[in-house]
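These notes are about the structure you will find just below.
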Number of protein chains: 2
Amino acid sequence: MAKYRQIFERLAEEMRNGTRPADSKLPSETELMHQFEASRGTVRKALDLLQENGYVRKHHGKGVFVLKRDQIEFQFNGIVSFSEVYASMLGRSIQTHVAAFEEMEAPPWLVERMNLKAGTHVFRIERVRNFDGENVILDINYFVKDLVPGLTEEIAARSIYGYIEGELGLQISYAKRKIAAEDVTELDRMRLDLHDYEYVIVITNDTFLYEGQQFEYTESRHRLDKFQFSDVARR
Amino acid sequence: MAKYRQIFERLAEEMRNGTRPADSKLPSETELMHQFEASRGTVRKALDLLQENGYVRKHHGKGVFVLKRDQIEFQFNGIVSFSEVYASMLGRSIQTHVAAFEEMEAPPWLVERMNLKAGTHVFRIERVRNFDGENVILDINYFVKDLVPGLTEEIAARSIYGYIEGELGLQISYAKRKIAAEDVTELDRMRLDLHDYEYVIVITNDTFLYEGQQFEYTESRHRLDKFQFSDVARR
DNA sequence: CGCCATTTGTGCGTATGTATC
DNA sequence: GGATACATACGCACAAATGGC
């Protein structure tokens, strides 16, 4: 690990575990240089990282100060599967059931949407998330087959993202998300325990690799009362 | 302006106007050093900025490459008022009506939520967004009076954020957002044209200044069919 | 396969400017 | 004014990834 990264991790850990309490002042850059036996540029890079990640606030001419606790904990920015977030927020586990798994030629609307070559093959996966005995979330994924070879139903039942990033080593660059309410469809009725709800919250997700190619399109359909989305926007 | 900033702006402009097309390779760091008569550190800082802002992608051992156009345009990350986003996405304008404007002592639940001192005064503002002749969004803002002095109903009718950042020069650091569906309230019925909808989508927003103090809590209540949220998450 | 040139990544030392106290 | 600390910039050295030979 890069040295500035080590310093960052070390200091961040000390802030999380309370060794460096909120509002306390960090040692000066020169002092940290000696403590970590690093150059000033390296220390500064670590401090920049800390500030970018919301741990500290630098005050020109005064020093670097630790920000309050609850401002730190809340960071799940970036790209996370909503189900995971949802589970972690409630502190409980979600049962996942693979309701469909097929390889198919991308339908026209998907070719259009993902800007694919006609005839491209994709995996289509339906997964139902069961929470407290009720099916409340339906995830429909489309993955470009060439980019995610070797995807199986067993993997889908666990963590597709774990496979993609871990096994395949694909680098995800960014994702476009959209959230909106939609009328319940027949498929929703079939897969979910909808009670009397006439609407679902739909999160669509277009995920791109570093090279700019889209490799995934996903719809995550949530029963109204079981939907929640949180994030932190930073400037 | 700082030199690395100048280099960043210059290169970014050239990418936007097409002088440096997508997938093209930037000159090497050493070459840019000479072109801009800057040190390598300075050039690298500019390149880092470009990558952070989604303009380019660096590849160790290969070079720096310009990303595709639509990957650049789509960035309305950060903190934006949802109404503005909503309006810009539909390409139409929204009429804003200030339905309530009062100064009050922060109620207990707000003191708790915003971690205020008891007895703190806040502005409470209700604004209704009218779109195509229908009231579809109700914004309820609470601003800490001491941090946003001089707020008036006239300002509320235009852009509160414009006032806060422009006139007052306050620096917003980050915002926590939450989106969820809620049952319609009496207030919703009073202010909005709800038709038969029994639910609203509620976006809560806690906004913080750099010093870590929260100065705003807002609820934005949308009629189901008029709600849409988009963003781009980057890694 | 190894070797090498190119290019980015990291770390170091230093100098100057500027803001705060 | 002086001490301290952050911001920016420069130059140098070496490491690591890449691709051509």
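Reminder, nothing fancy here: chain letters follow the sequence lines and each chain counts from 1.
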* **First and last nucleotide of DNA chain D, 5' to 3', lying under 4.0 Å from heavy atoms of chain B** => D:dT8 to D:dG19
* **Those residues that, when tested against B:Arg124, pass salt bridge (charged side-chain N to carboxylate O under 4.0 Å, His left out) (two or more places apart)** => B:Glu102, B:Glu126
* Asked: With sequence neighbours excluded, what pairs up with B:Lys45 under the salt bridge (charged side-chain N to carboxylate O under 4.0 Å, His left out) test?
  -> none
* To do: With sequence neighbours excluded, tell me which residues meet salt bridge (charged side-chain N to carboxylate O under 4.0 Å, His left out) with B:Lys62.
  => none
Pairs under 3.5 Å (N/O, protein and nucleotides 6-10 of chain C):
{"unit_1": "C:dT8", "atom_1": "OP2", "unit_2": "B:Glu29", "atom_2": "N", "d": "2.9"}
{"unit_1": "C:dT8", "atom_1": "O2", "unit_2": "B:His60", "atom_2": "NE2", "d": "2.8"}
{"unit_1": "C:dG9", "atom_1": "OP2", "unit_2": "B:Arg44", "atom_2": "NH1", "d": "3.0"}
{"unit_1": "C:dG9", "atom_1": "OP2", "unit_2": "B:Lys58", "atom_2": "NZ", "d": "3.1"}
{"unit_1": "C:dG9", "atom_1": "N7", "unit_2": "B:Arg40", "atom_2": "NH2", "d": "2.8"}
{"unit_1": "C:dG9", "atom_1": "O6", "unit_2": "B:Arg40", "atom_2": "NH1", "d": "3.0"}
{"unit_1": "C:dT10", "atom_1": "O4", "unit_2": "B:Arg40", "atom_2": "NH1", "d": "3.4"}

* Asked: How are the rings of B:Phe143 and B:Phe215 set to each other: parallel, tilted or perpendicular (split at 30° and 60°)?
  -> tilted
* Look up atom CZ in B:Phe8 and atom CD in B:Gln51, then write down how far apart they are to the nearest 0.5 Å. => 12.0 Å
* To do: Scan residues 145-155 of chain A for pairs that pass salt bridge (Lys or Arg N to Asp or Glu O under 4.0 Å), counting only residues two or more places apart or in two chains.
  => A:Glu103-A:Lys145
* **B:Tyr4 OH to B:Arg44 CZ distance, which is reported to the nearest 0.5 Å** => 15.0 Å
* SB check A:Arg221 A:Asp139 (cutoff 4.0 Å) -> no
* Give a yes/no answer on whether the side chain of A:Ser39 brings an N or O atom under 4.0 Å of OP1 or OP2 in C:dC12. => yes
